[in-house]
2 protein chains.
Amino acid sequence: MARKYIDNPNACSLVHTMNIIGNKWKPIILYLLSNGSMRFGMLNALIPTISKKVLTNQLKELENDGLLLRQSFAEIPPRVEYSLTEKAVGLLPVLKLLSDWANEAYPEMDFEQCRIIENG
Amino acid sequence: MARKYIDNPNACSLVHTMNIIGNKWKPIILYLLSNGSMRFGMLNALIPTISKKVLTNQLKELENDGLLLRQSFAEIPPRVEYSLTEKAVGLLPVLKLLSDWANEAYPEMDFEQCRIIENG
DNA sequence: AATAGTGGTAACCAAAAAGTAACTAATGGC
DNA sequence: GCCATTAGTTACTTTTTGGTTACCACTATT
């Protein structure tokens, strides 16, 4: 009845991944940075509904988890560029699959209409 | 400077996926059900740190999002079996990739040691 | 008559996450 | 001397999420 063995390690690494990227903003941030580095203000402009406080926080966490590189230039006004690390790049194809899955699984949803990111 | 076009639809479907599965418990639930259906009490026993209230809640949301099938049998004491829908089955390989990614990206973490799920 | 077993629900509380608004440092341009 | 600019920070409030305990319905067993 109770199974003899449950694959804890796989569950744990999955949970770990979700702890790192499984929230409201982080996948979007990674997604936006997939084409190259971007400044803080640009990220903030492209995700109009995020507050500066939360964006700062998410970027810090992603940096701590080794997904982002933060480059601060000694200029006035300040300039800070964020870019993906190799770790994060390895995640991109999986994020693409997650997005493909939603398109297939929820064809009734019109993702064309939605606005998370401002078009330039 | 500002890019001309940003692929909103892809970002939106990714966000949608995260809204559905991107939290503390749902990936574990899907993972546990990947080998077949399971009763409420069994899920509760295998995820020892989840409360009944929250488990009920997560199962309901997964059912509403079309990932779980809930079968209630008219017996005393009650029996309720949860199983994955086709939609959810389509997600399993992607969850596996997410878990593989964590193993690769964080080799210093010892996922063998962790205990989310009770071994039988 | 009391208890165990199952899958919940209700009321209540604590903690975490997110939002808001004002503020800062340092410089260039007017 | 004043304002704009950028990447934040701080203090405060609100919202969301999660946790705890007690309880219920219904039957079989003791």
Side-chain angles (χ1 to χ4, degrees), chain A residues 1-2 15-16 18-30 32-33 36-65 68-83 115-118 120, chain B residues 1-2 15-16 18-30 32-33 36-65 68-83 115-118 120:
Chain A
M1 175 210 190
V15 167
H16 190 242
M18 281 303 175
N19 286 342
I20 291 174
I21 59 152
N23 80 349
K24 195 172 173 184
W25 303 115
K26 288 180 186 171
I28 309 180
I29 295 171
L30 297 176
L32 284 176
L33 293 175
S37 73
M38 214 180 261
R39 298 178 63 171
F40 181 89
M42 186 68 172
L43 284 166
N44 206 175
L46 291 174
I47 316 175
T49 51
I50 200 174
S51 67
K52 271 204 296 185
K53 191 195 83 172
V54 173
L55 179 55
T56 305
N57 212 351
Q58 304 293 301
L59 290 171
K60 242 180 229 164
E61 288 181 14
L62 286 170
E63 195 194 352
N64 287 341
D65 288 326
L68 292 192
L69 187 74
R70 179 182 181 278
Q71 264 186 294
S72 171
F73 298 85
E75 301 175 4
I76 297 290
R79 179 160 62 106
V80 179
E81 300 250 358
Y82 291 93
S83 56
R115 287 279 163 275
I116 291 162
I117 298 165
E118 303 255 349
Chain B
M1 176 214 192
V15 168
H16 190 242
M18 281 305 176
N19 285 343
I20 290 174
I21 60 153
N23 81 346
K24 195 172 173 183
W25 303 115
K26 288 179 185 172
I28 308 179
I29 295 171
L30 296 176
L32 284 175
L33 293 174
S37 73
M38 214 180 263
R39 297 178 61 171
F40 180 89
M42 186 68 171
L43 284 166
N44 206 173
L46 291 174
I47 315 174
T49 50
I50 199 173
S51 67
K52 271 204 297 185
K53 192 194 85 173
V54 174
L55 179 54
T56 306
N57 213 353
Q58 304 293 302
L59 291 170
K60 241 180 229 163
E61 288 180 15
L62 286 170
E63 196 195 351
N64 287 341
D65 288 327
L68 291 192
L69 186 73
R70 181 181 181 276
Q71 264 186 296
S72 170
F73 297 86
E75 299 174 7
I76 299 290
R79 179 161 62 104
V80 179
E81 300 250 358
Y82 291 92
S83 56
R115 286 280 164 276
I116 292 161
I117 299 166
E118 304 255 349

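Just so it is clear: chains get the letters A, B, ... in the order the sequence lines come, proteins before strands, and each one is counted from 1.
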Problem - Worked verdict on B/L59 versus B/V80 for side-chain contact (heavy atoms from CB on, under 4.5 Å) - result: CA-CA 11 Å; B/L59 291 170; B/V80 179; over 6 Å; no
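- When distances are taken from the side chain of B/S51 to each of D/dT20, C/dG7, C/dT27, the shortest belongs to D/dT20.
- Within 4.0 Å of B/Q58, counting heavy atoms only, lie sugar-phosphate atoms of the nucleic acid but no base atom.
- Counting non-hydrogen atoms under 4.0 angstrom, A/K53 reaches a base of the nucleic acid.
- The CZ-P distance, from A/R79 to D/dG8, rounds to 13 Å in whole Å.
- Atoms CD (B/Q71) and P (C/dG8) sit 13 Å apart, rounded to a whole Å.
- The interatomic distance linking B/K60 (NZ) with C/dG7 (P) rounds to 15 Å, in whole Å.
- Taking atom CD on B/E75 and atom C1' on C/dG8, their separation rounds to 16 Å, with Å as the unit.
- The nearest whole Å value for the distance from the CZ atom in A/R70 to the C1' atom in D/dT6 is 12 Å.
- A/L30 is listed as a side-chain neighbour of A/L68, based on a closest heavy-atom distance under 4.5 Å.
- Ranked by how close their nearest DNA chain C nucleotide is to the 5' end, A/K52 and A/W25 are led by A/W25.
- In this entry the distance linking CG of A/L55 with P of D/dT9 reads 11 Å, nearest Å.
- Across A/G22 and B/M18, no two heavy atoms sit closer than the pair CA-SD, 4.0 Å.
- Put simply, B/K24 has no side-chain N or O that comes within less than 4.0 Å of OP1 or OP2 on C/dA17.
- The separation between B/L43 atom CG and C/dG8 atom C1' is 14 Å, rounded to whole Å.
- Heavy-atom minimum distance, B/L33 versus B/Y82: CD2-O, 3.4 Å.
- Of the candidate nucleotides C/dG8, C/dG7, D/dG8, C/dG8 has the atom lying nearest to any side-chain atom of B/T56.
- Comparing atom distances between the B/V54 side chain and each of D/dG18, C/dG8, C/dT6 picks out D/dG18 as nearest.
- Summarising the geometry of A/K26 relative to A/I21, their closest heavy-atom pair is CB-O, 4.1 Å, with the distance given to 0.1 Å.
- Here the P atom of nucleotide C/dA17 and the CG atom of B/N19 are 16 Å apart, to the nearest Å.
- When distances are taken from the side chain of A/R39 to each of D/dT6, C/dG5, D/dT20, the shortest belongs to D/dT6.
- Nearest nucleotide to the B/Y82 side chain, out of C/dG8, C/dT9, D/dG8: C/dG8.
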